[in-house]
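Every number for a ligand or one of its atoms is a count from 1 in the order of the listing. If you're wondering where the values come from, they're calculated on a predicted model, not measured in any experiment.
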Amino acid sequence: MTTTPEQTIAADRTVRLLDTTLRDGEQAPGVSLSPDEKVEIARGLERAGVAVIEAGSACTGAGERQAISRVTDLDLDARVTSFCRGMRGDVDLALECDVDGVHIVVPASDRHVEGKVGTSREDNLAKTADLVEYATDHDLWVEVIGEDGSRADLDYLEELMGTALDAGADRTCFADTVGHTGPERTAEAVSRLAELGPVSAHTHDDLGLGVANAISAVSAGADLVHCTVNGLGERAGNVALEEVAIALAHVYDVETAELEELYDLAQRVSRATGVPLPPNKAVIGENAFTHESGIHTDGTLKDDKMYEPYAPETVGRERRLALGKHTGRAGVTATLEEHGVEADDDEVAEIATRVTELGDRGRRVTDADLLAIAEDVTGDDRERVVELLDLNATSGGAVPTASIRLAVEGEERVASGTGSGPVDAAVSAVREALGSMADAELESYHVDAVTGGTDAVVTVEVTMVRDDRSVTVARSEADITRASVEAMVDALDRLLGRDTQPLAPADD
Ligand SMILES: CC(=O)SCCNC(=O)CCNC(=O)[C@H](O)C(C)(C)COP(=O)(O)OP(=O)(O)OC[C@H]1O[C@@H](n2cnc3c(N)ncnc32)[C@H](O)[C@@H]1OP(=O)(O)O
């Protein structure tokens with residue numbers, strides 16, 4: 001915690017999160033979640049301790065209502081809600097899903113009142129009061145969101161939200177629907193609404209101000225922050241749950257979520273939505289706790305707080321050292337130690353120079369690259385444990401099959417396998433040939449097309465883990481199956497190479 005005296009959010013403030021990944025997050029173009037995926041994400045959100053889960057928009061259709069009902073059936077501690085437009089029919093559809101509450105979204109700016117919904121300010125007030133009464137009469141928890149609130153006349157927004165509270169709404173929400181405003185106007189609007197009753201904040205990231213506006217809203221009195229996992233959402237996205245949670249915890253000492261659940265949640269949402277985690281994003285990005293440059297690596301090895309604002313374990317992650325153009329001797333020494341390789345000071349300096357040279361050529365430097373360089377520099381010629389001799393894979397028939405020939409400690413082994421595709425089939429053949437020697441977890445598998453056309457060279461990068469030791473290998477080939485198998489076999493070779501116990505035979 002880094003609080004300074006002028007800060008406006010006291011550590012004893014109660015602030016909760018409303019997650020709308022299943023509603024606003026799903027509105028991101030191309031994203032559609034099945035009922036099972038919504039259930040899995042809702043469970044993750046519950047573990048992360050969010051107060052409200054907006055499970056969808058019941059008005060969207062029967063499939064969406066089924067998905068929302070599956071979430072309400074979970075009987076979570078979190079309140080489960082549905083989005084509703086300003087119409088009774090939408091509230092009725094939400095009631096069909098047995099939700100705990102609704103977000104009634106009513107137009108707030110003149111653009112939305114007149115241009116979109118085609119009504120007048122007066123009519124909008126009357127309709128809002130009627131809808132809130134209708135929803136509360138049905139025992140629903142009600143939040144009224146003034147859509148496009150940041151572009152609304154603030155006097156009218158205040159009148160509209162006051163009307164909603166007078167009619168019985170539990171809370172109102174200031175919505176920067178198009179991510180148009182900044183912290184000052186957010187604070188002004190929220191502080192006016194907070195005078196009327198409990199108020200939430202709904203911010204978007206079109207200007208990259210999503211977190212700043214959410215924090216500003218909290219400092220002005222908001223006690224519920226709308227957000228989505230990984231910042232998914234319309235256009236540039238909603239404010240990211242993980243960013244709000246860590247910012248409030250780290251800067252203000254205000255706890256809103258089980259922080260150690262955040263990375264797991266991010267990965268689940270990424271898998272379900274097919275939206276990859278950007279490498280450079282706070283909390284969730286691959287690079288968030290990875291150090292490559294020599295000065296940072298050296299500093300981090302001396303004191304792990306040197307170049308990190310908080311420990312990666314806080315958000316369920318681990319620190320990683322990477323190799324590349326900017327690597328220095330400290331990083332090389334640490335990585336070699338991890339792999340049990342000894343080198344003297346001169347050798348380490350030479351290895352570091354060659355790693356930098358490899359990086360200069362635009363290459364990402366993997367563990368396997370480092371180990372090969374180290375062998376060359378130290379003259380430690382290692383016998384390979386496993387080597388790929390031959391590979392045949394077919395995907396034309398009903399069942400993709402592959403056969404493989406490996407040299408294992410000098411002996412030839414042949415095996416075949418089937419799988420969901422040629423890569424999967426070839427990997428099962430490798431596992432078949434190696435038996436328990438292949439007992440290593442495939443931690444990650446990435447494919448990148450190096451060139452753009454159908455004749456592209458692909459680079460496959462795998463990370464495999466055995467007995468707490470991990471090795472990353474990259475292989476580039478025109479054939480994706482060959483690149484995958486070579487990378488995997490090389491990784492296993494590296495992992496097995498350091499095993500001290502005798503290698504087990506294939507049929508063990
Ligand atoms: C800021 C936000 O995130 S808003 C939420 C966006 N979410 C969604 O759009 C949910 C997914 N949407 C849908 O499934 C569909 O759009 C539906 C089922 C809601 C409506 O479908 P349709 O009836 O075909 O209408 P369509 O999508 O073309 O237009 C939206 C209608 O909602 C009306 N509407 C929009 N906002 C509101 C509001 N706050 N209150 C009342 N009516 C509204 C529009 O005026 C328009 O009505 P009109 O056709 O009478 O002009």
Q.
Among Glu54, His103, Arg23, which residue satisfies the side-chain hydrogen bond (donor to acceptor under 3.5 Å, both in side chains) criterion with Thr81?
A.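 For Thr81, the side-chain hydrogen bond (donor to acceptor under 3.5 Å, both in side chains) check succeeds only for His103.
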
For ligand 1, output the ligand-protein N/O contacts shorter than 3.5 angstrom; if there are none, return none.
residue  : atom   : partner : partner atom : Å
ligand 1 : 3 (O)  : Arg23   : NH1          : 3.0
ligand 1 : 3 (O)  : Gln27   : NE2          : 3.1
ligand 1 : 7 (N)  : Gln27   : OE1          : 3.1
ligand 1 : 14 (O) : Thr60   : OG1          : 3.3
ligand 1 : 32 (O) : Arg85   : NH1          : 2.9
ligand 1 : 36 (N) : Lys116  : NZ           : 2.9
ligand 1 : 39 (N) : Val105  : O            : 2.7
ligand 1 : 40 (N) : Gly86   : N            : 3.0
ligand 1 : 45 (O) : Lys116  : O            : 3.3

Q) Testing Arg111, Arg192, Arg121 for salt bridge (Lys or Arg N to Asp or Glu O under 4.0 Å) with Asp153, which one passes? A)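 Checked Arg111, Arg192, Arg121 against Asp153; only one passes salt bridge (Lys or Arg N to Asp or Glu O under 4.0 Å): Arg121.
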
Q) Would you find a donor on one side and an acceptor on the other, under 3.5 Å apart, between the side chain of Thr472 and the backbone of Thr366? A)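 Between the backbone of Thr366 and the side chain of Thr472 there is no qualifying donor-acceptor contact (under 3.5 Å).
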
Q. Short question: side chain of His226, backbone of Ala201 - any donor-acceptor pair under 3.5 Å?
A.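 Here the side-chain-to-backbone pair does not exist.
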
Q.
Tell me whether Arg317 forms a cation-pi arrangement with Phe289, defined as NZ or CZ under 6.0 Å from the six-membered ring centre and within 45 degrees of its axis.
A.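 No.
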
**Q.** Chi angles and distances behind the side-chain hydrogen bond (donor to acceptor under 3.5 Å, both in side chains) call for Thr463, Glu443
**A.** CA-CA 5 Å; Thr463 301; Glu443 192 181 67; 5.0 Å; no

